[in-house]
Amino acid sequence: MSIPSASLTHPLLDGLNPQQREAVVHHGSPLLIVAGAGSGKTRVLTHRIAYLLAERDTRPQEILAITFTNKAAKEMRERVDRLIGPRSASMWVMTFHSACVRILRREASRLGFPSGFSIYDQADSQRLMAMVCREMDLDPKRYPPRSFSAQVSNFKNELIDYETAADRASTHMERTLAEAYRNYQQRLTEAGAMDFDDLIMLTVTLLQIFPDVAEHYRRRWRHVLVDEYQDTNHAQYTLIRELVGTPELRTADGDLVREGSAGIAPAELCVVGDADQSIYAFRGATIRNILEFERDYPNARTILLEQNYRSTQTILTAANAVISRNENRKPKNLWSDQGAGSKIVGYVADDEHDEAMFVAQEVDRLADEEGVTPGQVAVFYRTNAASRVFEETFIRTGLPYKVVGGVRFYERKEVRDLLAYLRVLANPGDVVSLRRILNVPKRGIGDRAEAMMEAFAARERVPFVEALRRADEAPGMATRSVNAIKEFVALLDDLVAKAGDTPPSILAQEVLVRTGYRAELENSEDPQDEGRLENLDELISVASEFEEASPEGTLVEFLEQVSLVADADQIPEADGGQGVVTLMTLHTAKGLEFPVVFLTAMEDGVFPHMRSMGEPKELEEERRLAYVGITRAERRLYLSRAAVRSSWGAPSFNPASRFVAEIPSELVDWRSDPRKNAWTAATARRDPSRTAPAKRAGGRQIPSLKPGDRVTHDQYGLGTVVSVDGDKAKIDFGSGGAKTLVLAYAPLEKL
DNA sequence: GACGTTACCGTTTTT
DNA sequence: CGGTAACGTC
């Protein structure tokens, strides 16, 4: 039992409120910290860890702290070190996925995997599922691989293996799915690969099947801390239970069973979360875990943090009003002592361009009148696609910005190709990667040869690589194909021989040269290939940085780090300078805070998203997303929407978001008549050219450009003119690279 | 087997 | 509208 908080004094408790102090010092039973937005939960977590180390005789290696993003983990570690000096090295502070990988690498052989197993992301696993479905001769219309892949992911989040899935299947569709699941899993195992969901599920399996492994980790970790507990799915929930070593476990049917924990007392569990910020149900997260914590851990203590240190009362009142519309929620009321602050500003734009322009102008105005820097401003939207208009407008107005997430670096084709090579070198059994690069760059191994190799491998019951090795034994193979395959295999063997003692960056260079990948891009006429080269060089420099950071690092470790990066990890750190406006989805925004926040496209159909509006449960999740968005703002909050929005093709006239209506109207200062959309919509119907600016026809003017001008290119998008040389201009397209273009022909437009 | 064309598909949110 | 997959042609 905790001591009454009033009597607590300790340097690590200075500046904490009574509830926070209690959370830091609590011991003796599982602890749930219900931390409202901005209530200082990271502070509490880091102080708790520091307190454990400083006052409770805990050694760093006895602590396991789990987060959802690498960024959160890194920040937590740094803050602990700042409190009590650099003692965090032997502490595990990492994401669910990283922690599981680390455990699995050590024990992989017990599950029949090589310790250098590949990690398949969602794209890889979809590819593999597509292969499986094709093999099963399934009509992709009736049995979409994408959907199968998603459903298998759901199974794994629920810890349902393919046998159980098959047992439970009652319809033809379900039986087919279970069959695909089985084949998919078999292929993964053969390839020595795990998908994202396996990382969790197989760790749970490992702990459940091998008592000695479970015991090892239970002995080690006397404290388990979990951040963002509301985002855990069933598999992660079970993992935590296994690691903590609870004396009791509930089966799927709700029966309590005794669990042998080898006489080790359960670890002390501390979870932090906020059910109102649960926004990942679509990937299996269940709010149940936080709502039922006290039932799962019978003598648990719950501490509520309701004082918000982030936002003005106006912003909090708005947030409370919105979230209170959700049913079945434990009441919670955030409050602030920072005063009312500015009113929320509402704006109804004519269309999405006008909306973006409003944001840009407002950022300028705030800079002039209130000294707000771009780095203090964030723009949120519901879907990644929405970033485009803002980018265009910000480039045109010269407002510095950065988009977080969206088309990710690691999803680019060339980057994935190079990574596939490295994966094959680390794990030659990795068929998905192997088949990806089999004919990349083109080396004369076509679909036909690949199919024959696959058939040959199946018939001979040998791995795919082995089939390649014996290509000449396969009947009916063209000599040309056989030779091409032989050459490819020889190249791989050569690279594999080097892989062991060559740093990843050097190896990557070597791959690019030896395969002719670099030469092909360098000699290419396609100007986009220049950007691709830059991306590859970028990947190589990521590898170099990795080598610098961990000189002992292996290829497998490098690939692992690269596989487990998240969007949120890429958020620019405040550098003390002016900074740049940050653009991101509402999901990525969770956990962050900004002095000024723009919530855009507040329209029914966009936010809440159309697909969620029919389902009350999903609508509630959208509302939590709105709550997350609103509570990111410290001082100023803007809500905007567009009367007309042209989303892929036709214009749509969306009504105001219901979430806007849920905010008490006296908190909002409308900069334009909220009814004007009716008028605009009518006008737009009468005169479509108003909303659809004349599209360039064939007769485009040759632009006269000077350095610094901003342009858009039909293919490369937005760019800045670097230099002009007669009829040619060199233009920097940012991530797409710099190109020299002939003005007379390039599909360019000056902005 | 490589390349070009067409059809079609889909957009929530992601470790 | 834009990207990808399947198809058909050289």
Side-chain angles (χ1 to χ4, degrees), chain A residues 66-73 94-101 119-123 125-127 130 134 140-141 144-147 150 153 156-157 195-200 227-228 231-233 235-236 278-285 380-388 404-408 410-413 439-452 478 480-481 484 560 563-570 584-590 601 605-613 615 618-619 621-622 624-626 628-629 646-651 692 695 714-715 717:
Chain A
I66 297 190
T67 63
F68 273 85
T69 66
N70 298 299
K71 184 171 182 275
M94 49 184 98
T95 65
F96 269 104
H97 296 267
S98 312
C100 287
V101 169
I119 298 169
Y120 283 1
D121 66 15
Q122 179 202 7
S125 62
Q126 266 179 29
R127 233 178 129 82
R134 215 176 310 130
K141 290 251 161 37
R146 274 177 64 115
S147 148
S153 169
K156 291 182 176 180
N157 287 333
D195 64 25
F196 271 157
D197 308 304
D198 282 337
L199 297 180
I200 314 290
D227 194 11
E228 307 279 17
D231 286 334
T232 52
N233 60 34
Q236 290 160 333
S278 160
I279 54 175
Y280 286 110
F282 68 90
R283 72 176 193 217
F380 301 152
Y381 33 78
R382 180 64 181 80
T383 64
N384 275 305
S387 68
R388 209 189 167 110
V404 179
V407 272
R408 287 183 281 284
Y410 291 108
E411 278 167 22
R412 291 166 189 274
K413 202 188 303 146
N439 200 29
V440 179
K442 300 254 183 293
R443 51 170 71 89
I445 310 173
D447 298 343
R448 193 179 150 72
E450 185 184 339
M452 288 173 82
R480 212 168 29 154
S481 306
E560 171 184 319
S563 306
L564 299 177
V565 292
D567 279 350
D569 298 332
Q570 320 285 320
M584 67 186 109
T585 65
L586 284 154
H587 282 86
T588 310
K590 194 171 70 155
V606 178
F607 185 34
H609 194 272
M610 194 133 57
R611 286 198 52 170
S612 70
M613 294 200 305
E615 250 323 295
E618 289 184 37
L619 185 61
E621 178 144 317
E622 294 282 304
R624 292 194 290 270
L625 195 53
V628 166
S646 20
S647 48
W648 104 95
K695 204 69 207 166
D714 286 3
Q715 239 180 318

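Computation of the quantities below employed the complete heavy-atom set of this structure, encompassing side-chain atoms and omitting hydrogens, waters and symmetry-equivalent molecules. Letters A, B, ... are given to chains in the order of the sequence lines, protein chains preceding strands, and every chain is numbered from 1.
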Is the shortest side-chain N/O distance from [X] to OP1 or OP2 of [N] below 4.0 Å?
{"X": "A/Asn439", "N": "B/dA2", "value": "yes"}
{"X": "A/Asn233", "N": "B/dT15", "value": "no"}
{"X": "A/Asn384", "N": "B/dT11", "value": "no"}

Under 4.0 angstrom, heavy atoms only, what part of the nucleic acid is [X] near: base, sugar-phosphate, or nothing?
{"X": "A/Arg146", "result": "sugar-phosphate"}
{"X": "A/Glu450", "result": "nothing"}
{"X": "A/Thr588", "result": "sugar-phosphate"}
{"X": "A/Ala478", "result": "nothing"}
{"X": "A/Ser481", "result": "sugar-phosphate"}
{"X": "A/Glu621", "result": "nothing"}
{"X": "A/Phe68", "result": "sugar-phosphate"}

To the nearest Å, how far apart are [X] [atom1] and [N] [atom2]?
{"X": "A/Asp231", "N": "B/dT13", "atom1": "CG", "atom2": "P", "answer": "17 Å"}
{"X": "A/Asn70", "N": "B/dT15", "atom1": "CG", "atom2": "P", "answer": "9 Å"}
{"X": "A/Tyr410", "N": "B/dT14", "atom1": "OH", "atom2": "C1'", "answer": "17 Å"}

Response to the item:
CD of A/Gln236 to CD1 of A/Ile66, rounded to nearest 0.5 Å, is 8.5 Å
Fill in: Each stem that DNA chain B is part of, given as range with range (3 or more consecutive Watson-Crick or G-U pairs, under 3.5 Å)
B:1-9 with C:2-10
Discussion item. I want to confirm an ordering. Mapping A/His97 and A/Ser612 to their closest nucleotides on DNA chain B, which one lands closer to the 5' end?
Written reply: A/Ser612
Practice prompt. On DNA chain B, check which nucleotide each of A/Arg283 and A/Asp447 is closest to and give me the residue with the more 5' one.
Written response: A/Asp447
Response to the item:
In terms of heavy-atom contacts, A/Gln122 and A/Ser125 come closest through O-OG, 3.1 Å
Worksheet item: Where is the tightest heavy-atom contact between A/His609 and A/Glu622, given as atom of each residue plus distance?
Response: N-OE1, 2.9 Å
